2 protein chains.
Amino acid sequence: MAKAAGEALFDPVRSDRTFELVVQRIREKLAAGELRPGDKLPAERELAKQLDVSRNVVREALRVLENAGMLKTRKGAHGGAFIEEGSAAQISAALNDLVILNAVSLDDLFEARVMMLGMVLDHLAKSGKAPDLSALEANVAATAEAVAKGESARRVPLARAFYHEIAALTGNRALEFTIDAQTEMIQTYLRRRVSDMDGDKLLHSRRAFLSHLREGRFEAAKLELSEHLDRVHRRLWNAPPTP
Amino acid sequence: MAKAAGEALFDPVRSDRTFELVVQRIREKLAAGELRPGDKLPAERELAKQLDVSRNVVREALRVLENAGMLKTRKGAHGGAFIEEGSAAQISAALNDLVILNAVSLDDLFEARVMMLGMVLDHLAKSGKAPDLSALEANVAATAEAVAKGESARRVPLARAFYHEIAALTGNRALEFTIDAQTEMIQTYLRRRVSDMDGDKLLHSRRAFLSHLREGRFEAAKLELSEHLDRVHRRLWNAPPTP
DNA sequence: ACGGGCTATTGGTAGGTCCAATAAAGACCG
DNA sequence: CGGTCTTTATTGGACCTACCAATAGCCCGT
């Protein structure tokens, strides 16, 4: 079949830059399962020799993959480039850049997150099955302990985990990662303020939410959650972002 | 206040690698609005001189920013590194990597997208306002034309735009970008098959969806959309991914 | 007025040097 | 024998110089 109008008849002989070809090669190995998380890539010098490119090219390729969260490098003997597991950090970094470029506002991000968490609850309501709340229960218990002991620093990761566990109730990893990314992103802008919040008020909200879930009152849970997040949102408004 | 137990008393004097410091500097300029989309960074050699680092370090920093979608570089005279606008490409690349790393499945991604599109319609229903459907109308009209003329290649970007416009109905850019990313991601795996689909069946679904929206039947629209996507999903199943 | 080649600028690649970190092996001492 | 210190090989990080390749704009000749 002939090419559609507007498309070039000839593709460039060499469009990609060398380091992009190297990135592609390594991505292929990953996609094919030849490289698995934890594995170590050959040393930079060795890789350069094998691929017959300069070490510089290899380094730029590794930098790209590292930035994409697929690698981490360690210096020293027995150091090297090691394959990482996937994490939400990649998406949250992308979201962060969109905020930096003024392509999306923090308000939109916040609203989107509330909507998606509500969506998770709707999904649970529709599925009919009683969700496994043990992880959330444990999280709230740990939060209660942190509040009681005044360990405000511990509350930040616990808050992140709380929303993570809500997303995890769907069993959909794509949603997990997306919501995690939003949470991570917003927490970086709230950082210190999270732990400033009144611990008792927080716990009250968490427990009300949980009891709604236990009893299958998904709409009430949704309302409790969105009201809590609204309160947090107002705190964000008072504190201009500090990236 | 004293540091919590387990935290180091002194931070390392220099923890970050040089190119990361350069990345940080440029990000700061972007966040501060000193660099705006379309602007050109100094030449690599010049930037290296100003920052007092080697050109190599500058290149690695530019590579990271380029990979994050914030820059594009052009060769030749009056070439250089130019600030880009934000796009969903950054998020879809992250999603793609998560699929490559087997952290999320295509099925999950597909389901998440259906859920989010449904969420958009729920949101519209709740808002009470009649959405502006002109963009969607135009899109379906263009699709009809492409189908009539047999220009199957044109249908792929039109399909992407269709879902984009649905997301845009919320006016929430974070949702737009997230849903765009999912669409882009899934289209890369479906690529050729999209245009194989029966054009008349596609148009019928699109028009039914639109008429539901026009009349405010959001639940019916949601059902029509999810059924259409289910059909597409089944096509995906028959075609193993080719990344 | 127009087409074609020249040239300065700029990114891309190469391949070398040196430095810093680090884990493992070996030397040393109690 | 056991623990500690030192050495050493390996590896990533930074730097440098040189050269190649693309390209926009200028200049020249027709």
Side-chain angles (χ1 to χ4, degrees), chain A residues 8 10-27 29-30 35 37-84, chain B residues 8 10-27 29-30 35 37-84:
Chain A
F10 287 100
D11 292 332
V13 177
R14 261 194 73 188
S15 61
D16 287 332
R17 293 173 286 185
T18 311
F19 81 86
E20 285 177 339
L21 296 176
V22 174
V23 168
Q24 201 177 323
R25 285 276 194 103
I26 298 177
R27 272 210 166 90
K29 295 272 186 217
L30 283 166
L35 286 171
D39 287 355
K40 176 180 171 304
L41 264 61
E44 292 180 354
R45 294 166 175 83
E46 175 62 23
L47 207 49
K49 209 183 299 174
Q50 287 186 22
L51 295 168
D52 191 31
V53 295
S54 77
R55 193 180 155 207
N56 227 324
V57 168
V58 171
R59 282 179 64 80
E60 290 184 14
L62 292 181
R63 217 78 314 133
V64 168
L65 290 167
E66 181 180 354
N67 181 247
M70 308 177 82
L71 291 181
K72 268 200 169 41
T73 57
R74 286 201 302 269
K75 272 203 290 194
H78 297 75
F82 297 85
I83 310 293
E84 286 285 299
Chain B
F10 287 101
D11 291 333
V13 176
R14 267 192 71 188
S15 60
D16 288 331
R17 293 174 288 185
T18 312
F19 81 87
E20 287 176 337
L21 296 176
V22 174
V23 169
Q24 201 178 322
R25 285 277 193 104
I26 298 177
R27 273 209 165 90
K29 296 272 188 218
L30 283 166
L35 287 172
D39 288 355
K40 176 179 171 306
L41 264 61
E44 292 180 353
R45 293 164 175 83
E46 174 62 21
L47 206 49
K49 208 183 299 175
Q50 287 185 22
L51 294 167
D52 192 31
V53 295
S54 78
R55 192 181 154 208
N56 224 318
V57 168
V58 170
R59 283 182 62 79
E60 291 184 12
L62 292 181
R63 220 73 316 131
V64 167
L65 290 167
E66 182 180 356
N67 181 247
M70 308 177 82
L71 291 181
K72 268 199 171 41
T73 58
R74 287 200 301 268
K75 271 204 290 196
H78 298 76
F82 297 85
I83 311 293
E84 286 285 300

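Note on naming: letters A, B, ... go to the chains in the order of the sequence lines (proteins, then strands), and numbering restarts at 1 for each one. Given the structure is predicted, the values throughout are model-derived calculations rather than measurements.
- Atom CG of L41(B) is separated from atom C1' of dG11(C) by 13 Å (rounded to the nearest Å).
- Residue R74(A) is the one, among R74(A) and G79(B), whose nearest nucleotide of DNA chain D lies closer to the 5' end (criterion: closest heavy atom).
- Going from atom NZ of K75(B) over to atom P of dC20(D) covers 14 Å, rounded to whole Å.
- Listed by residue number, R55(B), R59(B) are the residues of residues 54-61 of chain B with a heavy-atom contact under 4.0 Å to DNA chain C.
- Taking a 4.0 Å limit (strictly below) on heavy-atom distances, residues 62-70 of chain A does not reach DNA chain C anywhere.
- Atoms CG and CD, on N67(B) and E60(A) in that order, are 12.0 Å from each other to the nearest 0.5 Å.
- What separates NZ of K72(B) from C1' of dT23(D) is a distance of 19 Å, to the nearest Å.
- The distance from atom CZ of R63(A) to atom CZ of R63(B), rounded to the nearest 0.5 Å, is 12.0 Å.
- Looking at every heavy atom in both residues, L35(B) comes nearest to L30(B) through O-CD2, 3.6 Å.
- Listed nucleotides dG12(D), dT13(C), dT10(D) differ in distance to E44(A); the shortest reach to its side chain belongs to dG12(D).
- Between T73(B) and dT10(C) there is no side-chain N or O to OP1 or OP2 distance below 4.0 Å.
- Partner of L65(B) under the side-chain contact (heavy atoms from CB on, under 4.5 Å) criterion, chosen from T73(B), L41(B), L71(B): L71(B).
- Contact between G69(B) and E84(B) at its shortest, heavy atoms only, is O-CB, 3.6 Å.
- An OP1 or OP2 oxygen of dT13(C) is reached within less than 4.0 angstrom by a side-chain nitrogen or oxygen of T18(A).
- Residue side chain R45(B) reaches the base of dG11(C) through a donor-acceptor N/O pair under 3.5 Å, judged by distance alone.
- The R17(A) side chain lies nearest to dT13(C) when the options are dT13(C), dG13(D), dT23(D).
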Side-chain donor/acceptor pairs under 3.5 Å, residues 45-52 of chain A, sequence neighbours excluded:
| residue | atom | partner | partner atom | Å |
| --- | --- | --- | --- | --- |
| E46(A) | OE2 | Q50(A) | NE2 | 3.0 |

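- Per the geometry, CG belonging to D52(A) stands 11 Å off C1' belonging to dA14(C), to the nearest Å.
- Rounding to whole angstrom units, NZ of residue K49(A) and P of dT11(D) are separated by 10 Å.
- Across all non-hydrogen atoms, the minimal contact from A61(B) to F19(B) is CB-O, 3.6 Å.
- Take the nearest nucleotide of DNA chain C for V53(A) and for H78(A): the residue whose nucleotide is more 5' is V53(A).
- The structure places CD1 of I26(B) at 9.5 Å from CE of M70(B), a figure rounded to the nearest 0.5 Å.
- Side chains of L21(B) and Q24(B) form a contact here, defined as non-hydrogen atoms less than 4.5 Å apart.
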